[in-house]
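First up is the structure itself, then whatever we jot down about it.
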Amino acid sequence: MSTTDSFPIINRDPPGLKSGLHPTNTNGEHGGGSSVGGVFGGVSVGNSLGGSLQYSMPGILSFLQHEWTRFELERQQWEVEKAELQARIAFLQGERKGQENLKNDLLRRIKMLEFALKQERAKNYKLKYGVDPPFDEQKAASADRRQPESGCSGDGQL
């Protein structure tokens, strides 16, 4: 038995075989030969081309070793990609939280400036006309809703 007989040729999609192995026949030729029936662990396996196939134990072990190595490489690549995506998610979540904090801060400032503007208008009205500005019920209700408190919630509504 030569060294080429003990190791199969590995191909992803060989015609007629789903396992990816190209076994040798009993004559030492690869592919379809003239022998009748191959052996796989003591079990005869017929080829659709009419030749016999023989799977050797070292060839099977080599194939399994190759597939295991390929599988481990793909798994490690997947884990690296997963870690990169998790880092990106964490970065984007932090960025989003920062944007929300900025929005809440700006809303708080807007409310503060609106309140200061109302006070300034009331002050100017009093200086110009000598009396407090007229204060109707509708404006009072809207002023109560919009007046900032010391612990502004920043719920985003003005």
Side-chain angles (χ1 to χ4, degrees), residues 3-4 6-24 30-32 38 40-43 45-49 53-158:
T3 57
T4 58
S6 62
F7 296 106
I9 299 172
I10 297 174
N11 189 350
R12 287 284 149 224
D13 295 318
L17 292 177
K18 298 222 182 234
S19 67
L21 292 175
H22 276 268
T24 60
H30 290 284
F40 179 70
V43 178
V45 178
N47 188 353
S48 62
L49 300 174
L53 304 175
Q54 182 180 7
Y55 294 97
S56 65
M57 193 54 79
I60 293 168
L61 292 176
S62 173
F63 173 75
L64 290 175
Q65 209 171 22
H66 171 75
E67 288 298 307
W68 180 260
T69 304
R70 187 183 60 82
F71 171 76
E72 285 295 314
L73 179 67
E74 288 177 3
R75 187 179 63 79
Q76 289 172 356
Q77 289 172 345
W78 179 82
E79 287 179 357
V80 166
E81 184 179 358
K82 179 182 171 185
E84 288 172 354
L85 291 174
Q86 285 176 336
R88 182 166 166 77
I89 287 170
F91 172 76
L92 291 173
Q93 285 176 339
E95 198 172 70
R96 182 179 143 261
K97 184 70 173 171
Q99 292 294 326
E100 285 178 4
N101 290 339
L102 178 64
K103 180 191 82 163
N104 291 338
D105 183 50
L106 291 174
L107 286 174
R108 209 171 22 246
R109 288 180 185 200
I110 288 170
K111 288 179 181 182
M112 180 193 66
L113 290 173
E114 285 176 345
F115 182 72
L117 180 63
K118 285 179 188 177
Q119 287 181 333
E120 193 67 27
R121 284 181 180 163
K123 178 181 167 186
N124 286 338
Y125 187 86
K126 188 173 185 178
L127 289 174
K128 186 174 182 181
Y129 299 108
V131 292
D132 286 336
F135 199 70
D136 60 348
E137 293 175 20
Q138 186 179 19
K139 286 184 180 179
S142 67
D144 288 341
R145 261 189 292 130
R146 297 167 83 189
Q147 187 173 12
E149 300 171 4
S150 60
C152 182
S153 64
D155 58 357
Q157 295 187 10
L158 293 176

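- Distance check, rounded to the nearest 0.5 Å: CG of Leu106 to CG of Asn101 gives 11.0 Å.
- Side-chain N or O atoms of Thr69 include one that pairs as donor or acceptor with a backbone N or O of Gln65 at under 3.5 Å.
- When all heavy atoms of Ile60 and Tyr55 are compared, the pair lying nearest together is CD1-CB, 3.8 Å.
- We find the CZ-NZ distance between Arg108 and Lys103 to be 11.5 Å, quoted to the nearest 0.5 Å.
- Listed by chain and number, the residues in a salt bridge (Lys or Arg N to Asp or Glu O under 4.0 Å) with Arg109 are Asp105 (sequence neighbours excluded).
- Taken from NE2 in His66 to CZ in Phe63, the straight-line distance is 7.5 Å, to the nearest 0.5 Å.
- A 4.5 Å side-chain heavy-atom check between Phe91 and Glu95 finds at least one atom pair inside the cut-off.
- Taking the salt bridge (Lys or Arg N to Asp or Glu O under 4.0 Å) definition, one finds that Lys123 meets it with nothing, sequence neighbours left out.
- Summarising the geometry, atom CH2 belonging to Trp68 is positioned 13.0 Å from atom CG belonging to Leu73; distances are rounded to the nearest 0.5 Å.
- Atom CZ of Arg75 sits in a crowded spot, with more than 12 heavy atoms from other residues, nucleotides or ligands closer than 6.0 Å.
- If you take NZ on Lys82 and CD1 on Ile89, they are separated by 10.5 Å, rounding to the nearest 0.5 Å.
- Listed by chain and residue number, Arg70 satisfy the side chain to side chain donor-acceptor pair (under 3.5 Å) test with Glu74 (two or more places apart in sequence, or in another chain).
- Distance CD/Gln86 to CD/Gln93: 10.5 Å, rounded to 0.5 Å.
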